[in-house]
Structures are given as structure tokens and as C-alpha cells.
Amino acid sequence: MESLSAYARQFLEMMQKPDVEHIEGLSPAISIEQKTTSRNPRSTVATVTEIYDYMRLLWARVGVPYSPATGLPITAQTVTQMVDRVMQLPEGTRAYLLAPVVRGRKGEYRKELLEWQKAGYTRVRIDGEFYAIEEAPALDKKYKHDIEVVVDRIVVKDGIQTRLADSFEQALKLAEGLAFIDLADGTVAEAMGADDVVPTAFGEARTEFKGATIAPFVSSEVETPIGSAQPIGISTALDANGEGKAGKNVTGGTMKGTGLPPNRIVFSEKFACPVSGFTIAEIAPRLFSFNAPQGACPECDGLGERLEFDPQLVVPNEGLSLKQGAIVPWAKSNPPSPYYMQVLSSLAKAYDFDLTTPWSALAPDQRLIILHGTGGLPVELTFQDGRKSYTVKKAFEGVIGNLNRRMLQTDSAWMREELSKFQTAQPCETCHGARLKPEALSVKIAGTDIAGPTRMSVSDALAWFSNLDAQLTPTQSQIAKAILKEINERLGFLNNVGLDYINLNRTSGTLSGGESQRIRLASQIGSGLSGVLYVLDEPSIGLHQKDNDRLLATLQRLRDLGNTVIVVEHDEDAIRTADWIVDLGPGAGVHGGEVMAEGGLKDI
């Protein structure tokens, strides 16, 4: 059990009682093979070795959040500031003041719902749906849920600041320093007007939020009105409609739960920038996980890259003309499709170029128009279907726009596969390959976000973490001491098995068999097991001689922990280092299988 990662352990069910009472002398065996660990694009060297798990814990416990707008550390937000911000909303705006008591957690929460009911709260929102608290549905404990208690329902007008402050205090107490204002009608951007809104410093982020089912908003004496004060800052994504329309690049990811609803303003008494309104709900290890919606970049879903149509693959041979089929996806049919050729002919007439001119001889702006379209400017397109000719005036989407639209609209797996031949992976424009959302990247230790060390090689990261303690305050140093010890040990093991050149953010699928085997070997040493039988298949393969000695020292350390290590090896140094040697022969394969010699080095 201990040899499994914490992630793998959660999937193990309780095992049946064994048929025997006690077995002696039988070691659990672990085979460390030469094969690529995982083809999953989410699996990296840092995650496989569990170094990233300790890094997430370190940044969550010691990291300091900085405002992307001012570059200054984010400070506590007072109730007065929260009230002032809400009062900047236009008069008559209707909104809910919510306490987010459960955020993406598994459980049934029956006891908690009863406690909130006893405390006098009458309404809750569970997974986007409003319920009277006594009618709340039974929740499946195996799924993650979001629960918000409705603390107040407000209508913006002057004169209720005191009551609003009381409501905020209740919400902050319930949700450990966090509160949401969710508008009942429209988005925050619409309410404020596009020019008045201060977006997050990272620009607009797309969201998959479709809008919760809003309970009927009954205006009465009980609802809170609101009025006006200091510059508003909204920590919400402003692009409400990030769904891809035909002919337009889709810029968002699909992981459920990433991004913020466009009708929400987040308030935090712990982490909020008073200038831009940039807010971090909570700093927990999951905020730094690119495999969880709480931390993944909303644009690339935590992959760090996006598949985009590459102009060099669309036009691989610049010596060909448009008539000769320079644009490969449009020239696949032989002869080229008359529709596409007619479109290009119309463009040639409008922008003064010839279809027989080689691609390389076309002006840069002409190539730009062909690939990326006319930018919304209408152009006359003439079509002939054999019997009649007709002309339409509309904007041209461009070859790449056309391919994007077809990729979005097609239901054919074959068509997707064909179109994907013209795509390459490009770094995500939002996170620039860091895989994380802006909130996670705003938390820093010694001026560095969590993505910084993952871009380093093992040897550079080891040097960085070894010197980190000197840059921390005494309190931070005390908290980080045990975590840094684990990180430095694991990096040291990777360094000792000859993997000092590998970057921590390198995906597992790009590792060779020998590299994967040595990474697993370093992980096993890091787990510190004893009494285990390890079987290794030629761990020295591909290693330089200077690294071979370090590898053998690592195997001896594994033995000294109290384990048995069996190595299938032809390397003379490994054979000389072994405590016991078994020589099989006389030949290979069917010509072998006999024990030719066994014993210590001196005996043989």
C-alpha cells in the first residue's frame, strides 16, 4: 500500500480478509520496468515524482499573493470597502448576497444544512439551483458540490449601508472570510457599462457558466437596497459569451468549473486588491493544481498549450501558386474544389493578385487576407454553379477561420482527424504554458510563482530550493522546513540517477524508457520503503559512465534501507558492485537458461 501514491490509494476499496493468518519471509515485489510512465499530457516529471504535490503545499502555506494590477502584496479587505464596492452598482440592481460555505467538496452535508436552518437561514443554492433550506435535496457524497447560503437579497438604493454591512459580516463568518454578490439580472459588465469596469490584469477569461436557475426575486421590505462610494473593482471574468460561434476562433477550455460566472463579484476579507478588485477566494493546495478546475487555466484547461492551425502546414510549399494547390486543405480534392477556387478568384480580383503567382511572391498583406480573412470588411464573392452566376457581398473568414469553423461544426471523427494534420500545439496565450489560472500565478515565494521552478532543470531547481530557506522570514522558514526537506531529497534522488538535465515540467510521454525507469527508481527511494523486493531491468541503459557510479550508489542506498534489489544487467561495474551474482548461460534465449555460476565476486 505504501508503495502507491496518495492519488492511487484513493481508488482502492477495502480488501477482504485473507485466507491465511500469517506469511513469513515473502517480500512484496515491485518491478521497475523500462517503459514510458504515462502518455497523459497532464502527467509531468514533477507530478510523477510527487515533487509538485509538495510544491503545491509549500506555495499554499508560505506563498504571498500579489496584485497583478499594482504588483503589491494583496491585503485584507474590510467590510466597509465591500459595502462601498457594492454601492457602486446602478440603483435598482437586484442581487443575492451569498456565503459560499462549500466550494467543490465531496459530502452529504445533512448536518450542516440543519445547523444553517437552526441559525435562521431560509434559502440555499446547491450546485447552481436555489432551494428552500428545508427542501434541499439529498446529496451524493461521491460527487463534489458547491453550496451557498443566501444571507440577503438586495435591491440597490441609498440608505441601507448599515444593514448591508451586518449581512456581509454574517456571510464572512459563515464562509470563513468569503462572500459572493450574484446579480439576479444580467452580468457585472452590463450593470457597470463596459467603460466603468476594471477587468482583471490578465484580461478576459472565458467561462462555461450558463447561468444558474434564479429563484423568483420578490421585492419587499425585507430586501436590501444599496447606494454609492469608491472606484469599483471587479474580480470577475467579463466575457460572458465565450461559446464558439461559427467562423470564429474558440478561445476557451471545456473543463467544468473553471472561470467565474459573469454575474458574480467575489469579496474576501483575506485576499483582495483595493485598487483593481482582483480577489483570491482561498489559498489552498488545489489552487495550484492544473488537474483541478480550481487551479487550471480556463483557456487551455491546464494543458499549457492549444492546438491551432499552423500556416506552415496549411501552405507547406511556398513555390506553388494558389491554382497549383498551395493551400493544401483546400486543394485535397483533385482537381481542387470549384467553390474554394471561386472564392480565391473573387479575392484575387478584389485585392489585385494573380492565382498563378507563387505563394512566396504574394505580398505579405495579401497572404494575411487569404489566411486570416478580411477582418470583417465585406468583399464581393462571385459563384457559378454551371447554369447561373450570382454575387454576394460579405466578409471573408480566411482559410484558417474556415478550418476552425469546420473543426467546430463537424461530427465526423474522420474529418477531425484530417483537419488535425494541419494543427500544431502552441503555448496558451493566457497562461503562456504555466497551465494555471491568474489567481494561482499571483501567489509568490521569494518573488517567484509556482510555475518558475517547474521550468527549471532538476539541478537548477535543486540549487533554487536549497537556497530558498535563506530568503524566507523566520515564521515562513519554520512552516516550510519539513516541506523543503522532502522536495530537496526527491530532487537529490533525481540528480543522483543521472537525470539532472530534465526539466520538471516535461511531460511523461516524451521520456525515454531508461529515463522513465530512473524516475520511478528515484520515486521509490523517496518513498523510503523497507522489506521490499525490487526488480530492475538494465537501469544503466543510456547512462554516461560518470552517472553510472551515482546510479550504483543509489541502488546501494535502496539496499541499505532494508530492501532486496535484483538487477538484470550486463554492465561490468554493476556486476562488480553486486553482493550476489547469478550468471545465466551458456548462450542467449533458447540456448541459455542454465545457472553457470553464482556467489560473491571473489567466489566467481
Side-chain angles (χ1 to χ4, degrees), residues 5-6 32 37 43-63 285 288-290 304 433-436 440-441 443-473 476-508 510-512 514-529 539-540 542-558 560-561:
S5 68
I32 303 178
T37 43
S43 175
T44 67
V45 170
T47 58
V48 167
T49 54
E50 295 189 354
I51 289 169
Y52 196 69
D53 293 334
Y54 287 102
M55 286 174 65
R56 290 194 294 128
L57 185 61
L58 182 67
W59 260 261
R61 297 292 171 259
V62 180
F288 304 98
S289 171
F290 46 78
R435 296 172 173 242
L436 295 167
L441 296 173
V443 180
K444 299 179 181 180
I445 298 177
T448 305
D449 59 47
I450 195 170
T454 62
R455 293 191 181 104
M456 298 178 188
S457 66
V458 167
S459 55
D460 290 344
L462 182 58
W464 191 85
F465 281 108
S466 299
N467 298 325
L468 182 60
D469 194 42
Q471 302 177 58
L472 301 178
T473 64
Q476 287 178 320
S477 184
Q478 192 66 31
I479 296 167
K481 190 176 178 182
I483 308 171
L484 282 173
K485 176 177 172 283
E486 292 289 345
I487 292 173
N488 285 326
E489 273 190 3
R490 281 168 164 74
L491 286 169
F493 298 145
L494 286 172
N495 201 43
N496 291 339
V497 293
L499 295 174
D500 53 311
Y501 60 91
I502 284 186
N503 284 16
L504 292 176
N505 65 354
R506 184 166 159 185
T507 52
S508 301
T510 64
L511 298 169
S512 70
E515 287 170 338
S516 299
Q517 185 185 34
R518 291 196 290 281
I519 280 176
R520 279 198 293 273
L521 180 60
S523 302
Q524 288 302 326
I525 299 165
S527 65
L529 296 179
S540 67
L543 269 187
H544 192 273
Q545 283 308 114
K546 70 179 175 65
D547 296 320
N548 207 24
D549 296 337
R550 290 194 293 178
L551 173 71
L552 294 174
T554 302
L555 294 178
Q556 286 171 321
R557 177 168 180 171
L558 206 54
D560 296 341
L561 285 170

Would you find a donor on one side and an acceptor on the other, under 3.5 Å apart, between the side chain of Asp53 and the backbone of Arg56?
-> no
Between Thr454 and Val45, is any pair of side-chain heavy atoms under 4.5 Å apart?
-> no
May I ask you to say whether Asp560 pairs ionically with Arg557, meaning some side-chain N is under 4.0 Å from a carboxylate O?
-> no
Given side chain to side chain contact (heavy atoms under 4.5 Å, CB included), test Leu504 with Met456 step by step and report yes or no.
-> CA-CA 6 Å; Leu504 292 176; Met456 298 178 188; 5.8 Å; no
CG-CD1 distance between Leu472 and Ile479, expressed to the nearest 0.5 angstrom = 9.5 Å
Student check: side-chain heavy atoms of Gln517 and Ser512 closer than 4.5 Å | no
Quick one: pull up OG in Ser523 and CZ in Arg518 and give me the separation to the nearest 0.5 Å.
-> 13.0 Å
Within-4.5 Å side-chain heavy-atom neighbours: Thr554 and Phe493 | no
Could you go step by step and tell me if Leu511 and Ile519 meet the side chain to side chain contact (heavy atoms under 4.5 Å, CB included) rule?
-> CA-CA 10 Å; Leu511 298 169; Ile519 280 176; 3.5 Å; yes
Any chance CD of Gln556 has more than 12 other-residue heavy atoms, nucleotides or ligands included, within less than 6.0 Å?
-> yes
Side-chain heavy-atom pair Arg435, Thr44 within 4.5 angstrom cut-off | yes
CG on Asn496 to CG on Leu462, rounded to 0.5 Å | 9.0 Å
Separation between CG (Asn488) and CD1 (Ile483), nearest 0.5 Å, reads 12.0 Å
Side chains of Ser43 and Val48: does their closest heavy-atom pair fall under 4.5 Å?
-> yes
Could you tell me which non-hydrogen atom of Ala434 sits nearest to which non-hydrogen atom of Arg455, and how far apart they are?
-> CB-NH2, 3.6 Å
Does a salt bridge link Arg506 with Glu515, judged by any charged N lying under 4.0 Å from a carboxylate O?
-> yes
Is the distance between the ring centroids of Phe290 and Tyr52 less than 6.0 Å?
-> yes
Is any side-chain heavy atom of Leu57 less than 4.5 Å from a side-chain heavy atom of Phe288?
-> no
Below 4.5 Å, heavy atoms only, C-beta onward: do Leu484 and Leu468 meet side chain to side chain?
-> yes
Answer yes if the side chains of Ser477 and Asp469 hold a donor-acceptor pair under 3.5 Å, and no otherwise.
-> yes
Working for side chain to side chain contact (heavy atoms under 4.5 Å, CB included), residues Leu555 and Leu521 | CA-CA 9 Å; Leu555 294 178; Leu521 180 60; 4.0 Å; yes
Short side-chain to backbone donor-acceptor contact, Arg550 and Asn495, under 3.5 Å | yes
For the residue pair Leu494 and Ala522, what are the closest heavy atoms and their distance?
-> CD2-CB, 3.8 Å
How long is the span from the CG atom in Leu561 to the CG atom in Leu529, to the nearest 0.5 Å?
-> 8.5 Å
Got a second to check how far Leu441's CG is from Ile450's CD1, nearest 0.5 Å?
-> 9.0 Å
Evaluation steps, side chain to side chain contact (heavy atoms under 4.5 Å, CB included), between Val443 and Asp449 = CA-CA 6 Å; Val443 180; Asp449 59 47; over 6 Å; no
Is any side-chain heavy atom of Tyr501 closer than 4.5 Å to a side-chain heavy atom of Ser459?
-> no
